[in-house]
Protein chains: 2
Amino acid sequence: MAGELVATQDCSSCPIRHRAVCARCDEDELSKLNAIKFYKTYPAGQTIAMRGDALNIVASVVAGTATLERVIEDGRTQMVGLLLPSDFIGRPGRATLQYDVTAVSDVTLCCFQRKPFEALLVDVPHLQQRLLEMALDELDAARDWMLLLGRKTAREKIASLLMLIAKRTVHPDGKVMGDTTRLELPISRETMANFLGLTIETVSRQFTGLRKDGVIELDGNRIVRIPDLEGLLVETGDDSDGGTLF
Amino acid sequence: MAGELVATQDCSSCPIRHRAVCARCDEDELSKLNAIKFYKTYPAGQTIAMRGDALNIVASVVAGTATLERVIEDGRTQMVGLLLPSDFIGRPGRATLQYDVTAVSDVTLCCFQRKPFEALLVDVPHLQQRLLEMALDELDAARDWMLLLGRKTAREKIASLLMLIAKRTVHPDGKVMGDTTRLELPISRETMANFLGLTIETVSRQFTGLRKDGVIELDGNRIVRIPDLEGLLVETGDDSDGGTLF
DNA sequence: GCAATCCCTTGATCTGGGTCAATGCACGGT
DNA sequence: ACCGTGCATTGACCCAGATCAAGGGATTGC
């Protein structure tokens, strides 16, 4: 596992506190977490870990975007997880990794040594509980994603992806979407294709299609404006309960 | 939630003990589990629970096959979970159900009241741990499934499904596949289609295709014989690490 | 024995999205 | 300024799998 060691910081300032493992810890527990914690950064494009690697850390994403991918020998690739800030990597009780983990943008991870982390789990029940909650959330997300992969059309897939990114985009003012209709796509066309089970050509065509139909506006190829969110939802065939896809 | 109440049995004889929640319990813990436990059966085809239902139990599948499905308004259906004996339904901390649960064959569930079950989790850490393990297993399975849905061809999908059923089929002698090449499919063509993100016509055609190519033999439409397991694996493009799809 | 279902198969045809190939940028390096 | 390299777009064509439609057994009830 490559990546540059950055610094050991105090967990109380950990940017992921709001959603990740340390959110409910008291001072004592925090100091224990701090003792086994360190930060690493990876440049965009770098492989963070490969399928089959022994994984002796667990980590939270602090900044940037990473992906989990399954690859068949012939090169076909399916993304199986999109890791945005506050998402968790790795699992207690599993020594080896099932997927390739890749940094899509520059990524900062908040890492914990796996062994002592697991030991801590035994002492701190609410950590275990938090991990279970996160695993169940991921499971729900994975299942919504399965609906998308198995039954949605290319256009619906793109629309769902845009909605997903919108929901997970935190604007400088701290608000989440709704107020703004401007999105920065954190991933390339290829990454989207691997996410959606499409080819990059189809992704590209769908974007131009949506643009020509006036559903979205493109500014460069990473900025999307969605004037009429409702219109997009209609495209999505969205279950409107919002789903749990991240 | 319909279903006929069967009997309250002693947990030590619970057929799911080997994989489900009570596997590591001592006598005291077992008696606590027994206090909140009861069995229910559902006839084939019956809806066990609908998306949005308040779910005040959790349960293990003791016998039979059930499915978890996500349905879009226009009728498109994607199965997101296949529940075979020893699989677990429901989740602590979630009051409502995200998916439709349907009995495919006659199903017997070993049910626990959700509230007291959750209370028990707090007292019995290894139960919590077991649930986390199961959730992570399901997550791995879901992710393999995503690869299947997003990137595999119809034939590969069928082959993967057959392998999956083979792995989960327990023969009367207690052995799992390998020794036998004869499978009983627990699900209909339609259910398979919803599993694989295909139409029933395509599923049917793939079965005849595999038969004509000599890869499988059909006896009726629920019995499959696979003379050459290797041949099927070649079809599958199987990652050969076996994957974790159930 | 005869409908009526249910589930499955098979055929004919269509089409969404894949494949192959060319072109268009935006960039960093020399 | 000029290339090279890495995305993204666009076009032409094709094909796996969907769709539409017609039977083909089993099983059940009358």
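Chain A is the first sequence line, chain B the second, and so forth, proteins listed ahead of strands; every chain is numbered from 1. Atoms considered below: every heavy atom in the structure, side chains included; atoms not considered: hydrogens, waters and symmetry mates.
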Asks: Using a 4.0 Å heavy-atom cut-off across all strands, classify B:G209 as base, sugar-phosphate, or nothing.
Replies: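 Touches nothing.
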Asks: Which residue in the set B:V58, B:I89, B:T41, B:L83 passes side chain to side chain contact (heavy atoms under 4.5 Å, CB included) when paired with B:L109?
Replies: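 Going through B:V58, B:I89, B:T41, B:L83 one by one, the side chain to side chain contact (heavy atoms under 4.5 Å, CB included) with B:L109 is satisfied by B:I89 alone.
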Asks: DNA chain D: B:A154 or A:E190, which has the more 5' nearest nucleotide?
Replies: A:E190
Asks: Rounded to whole Å, please give me the gap between NZ in A:K157 and C1' in C:dG16.
Replies: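 So the two atoms are 11 Å apart, to the nearest Å.
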Asks: Between C1' on D:dA16 and CD on B:Q206, what's the gap in Å once rounded to a whole number?
Replies: 9 Å
Asks: Is B:T202 near enough to D:dG17 that one of its side-chain N or O atoms lies under 4.0 angstrom from OP1 or OP2?
Replies: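 The answer is no; no side-chain N or O of B:T202 sits under 4.0 Å from OP1 or OP2.
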Asks: Ignoring hydrogens and angles, are the base of D:dT10 and the side chain of A:R189 linked by a donor-acceptor pair under 3.5 Å?
Replies: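 Check fails, no donor-acceptor contact within cut-off.
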Asks: Given atom CZ of B:R155 and atom P of D:dA16, what is their separation to the nearest angstrom?
Replies: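 Nearest whole value for this atom pair: 12 Å.
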Asks: Between B:E156 and A:R76 (salt bridge meaning N to carboxylate O under 4.0 Å), is one present in this structure?
Replies: yes
Asks: Within this structure, what is the CG-to-P distance between A:N194 and D:dC7, rounded to whole angstrom?
Replies: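 A:N194 atom CG is separated from D:dC7 atom P by 13 Å.
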Asks: To check you understand the geometry: which heavy-atom pair defines the closest contact between B:I48 and B:A66, and what is its length?
Replies: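 Smallest heavy-atom distance, with atoms named: CD1-CB, 4.2 Å.
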Asks: Give the minimum heavy-atom separation between A:M79 and B:M146, together with the two atoms involved.
Replies: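 Smallest interatomic distance, heavy atoms only, reads O-CE, 3.6 Å.
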Asks: Measure the distance from CD1 on B:I200 to P on C:dT9 and round it to the nearest whole Å.
Replies: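 Atom CD1 in B:I200 sits about 9 Å away from atom P in C:dT9.
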Asks: Check this one for me: any side-chain N or O of B:T199 less than 4.0 Å away from OP1 or OP2 of D:dG17?
Replies: no
Asks: Does any N or O donor sit under 3.5 Å from an N or O acceptor when you compare the side chain of B:R205 with the base of C:dG11?
Replies: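 Pair found.
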Asks: Any side-chain N or O of B:T208 less than 4.0 Å from the OP1 or OP2 oxygen of C:dT10?
Replies: yes
Asks: If every non-hydrogen atom of B:N221 is compared with every non-hydrogen atom of B:L185, which pair is closest and at what distance?
Replies: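 Minimum heavy-atom contact is O-CD1, 3.9 Å.
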Asks: Select base, sugar-phosphate, or nothing to describe what B:S204 touches, counting heavy atoms under 4.0 Å on all strands.
Replies: base
Asks: Out of C:dT9, D:dA8, D:dG17, which has the shortest distance to the side chain of B:L198?
Replies: D:dG17
Asks: Measure CG/B:N221 against C1'/C:dT10 and give the value in whole Å, please.
Replies: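 That distance rounds to 15 Å.
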Asks: In whole angstroms, how far is the P atom of D:dC7 from the CG atom of A:L185?
Replies: 16 Å
Asks: If I take atom CG in residue B:L210 and atom P in nucleotide C:dT9, what distance separates them, rounded to the nearest angstrom?
Replies: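 To the nearest whole Å, that distance equals 12 Å.
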Asks: Give a yes or no on whether a donor-acceptor pair under 3.5 Å exists between the nucleobase atoms of C:dC20, that is its base, and the side chain of A:E201.
Replies: yes
